[in-house]
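All values derive from a computational prediction rather than experimental measurement. Index from 1, following the sequence. Counting starts at 1 for both ligands and their atoms, following the listed order.
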Amino acid sequence: MKGRRGGATGDLFGSAPPAGAGAEPLAEGATILRRFAEAAAPALVEAIERVVAAAPFRHMVTPGGYTMSIAMTNCGRLGWVTDRSGYRYTTTDPTTRRPWPALPAVFRDVATRAAAAAGFAEFEPDACLINRYEPRARLSLHQDRNERDFSAPIVSVSLGLRAVFLFGGARRQDRPRRIRLESGDVVVWGGPTRLAFHGVAPLPDGEHPLTGRHRINLTFRKAG
Ligand code: MD3
Ligand code: FE
């Protein structure tokens, strides 16, 4: 692993380094908190199991007609969905026709503590998208633009198998950086990076004690 503190990213932080031990600046407004959620990971996985019992994982269809390789579900007041008619947030799970399950306390606790450690003390998520990757599943480069307020950050928590995250720029053509994310790593994406193009490279096969042959990613958002 090459050092990430030197060189071009350092000077972007001249006046306002993110607070918190182990906070690693990635770019302006983006902070990696390596292993921040490691202690909470077993409780997070248990809470995921309870959410999934009420709102099962499903492979959604994109507006272009492709079935996603990632299985998804949501919790919190709002959930992100896609189908042939587009991407949007809903208060009701289209599969069960019930409200999305409530945000578990341990989810909210990890998300707000991580946001605060990265300088976003006011963050209150109202949506959590749960992405489950199996080996070879991937997420192509995209922006997250369905939320109402881009001034709120997105907090992502990685659990289980490691992945290579693709962190691009403001334009789709900008060559993405490759960032390895491991179980317990948390990234807070705010400021100008909030609208950066990003994705996930095809997941390598493996086995993880917490999640088996899966990677699970939680993204906490202020959607409404
Ligand atoms: C950078 N999920 O659900 S999380 C997504 O690992 C998504 O499942 C990925 O992209 C995953 O939309 C990446 C990290 C992430 C999330 C949102 C971002 C990075 C971001 C928004 C702007 C910039
Ligand atoms: Fe995204």
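T219 and R221 form a side-chain donor-acceptor contact under 3.5 Å, judged by distance and modelled atom types alone. Under the 3.5 Å distance criterion, with hydrogens and angles disregarded, no donor-acceptor pair is assigned to the side chains of T92 and R97. Side-chain atoms of W80 and N146 include a donor-acceptor pair closer than 3.5 Å.
Legend: side-chain hydrogen bond (donor to acceptor under 3.5 Å, both in side chains) pairs involving residues 125-141, not counting sequence neighbours: none detected.
Looking only at its N/O/S atoms, D144 has OD1 as the one nearest to the Fe ion (ligand 2).
W100 is linked by a ring-ring contact (aromatic ring centres under 6.0 Å, His included) to nothing, counting only residues two or more places apart in sequence or in another chain. Applying the ring-ring contact (aromatic ring centres under 6.0 Å, His included) test to H142 and every residue at least two apart in sequence or in another chain returns H198.
Using a 4.0 Å heavy-atom criterion, the residues that approach ligand 1 are L129, N131, Y133, L139, H142, D144, I154, S156, F165, W189, T193, R194, A196, H198, V200, R215, N217, T219, R221.
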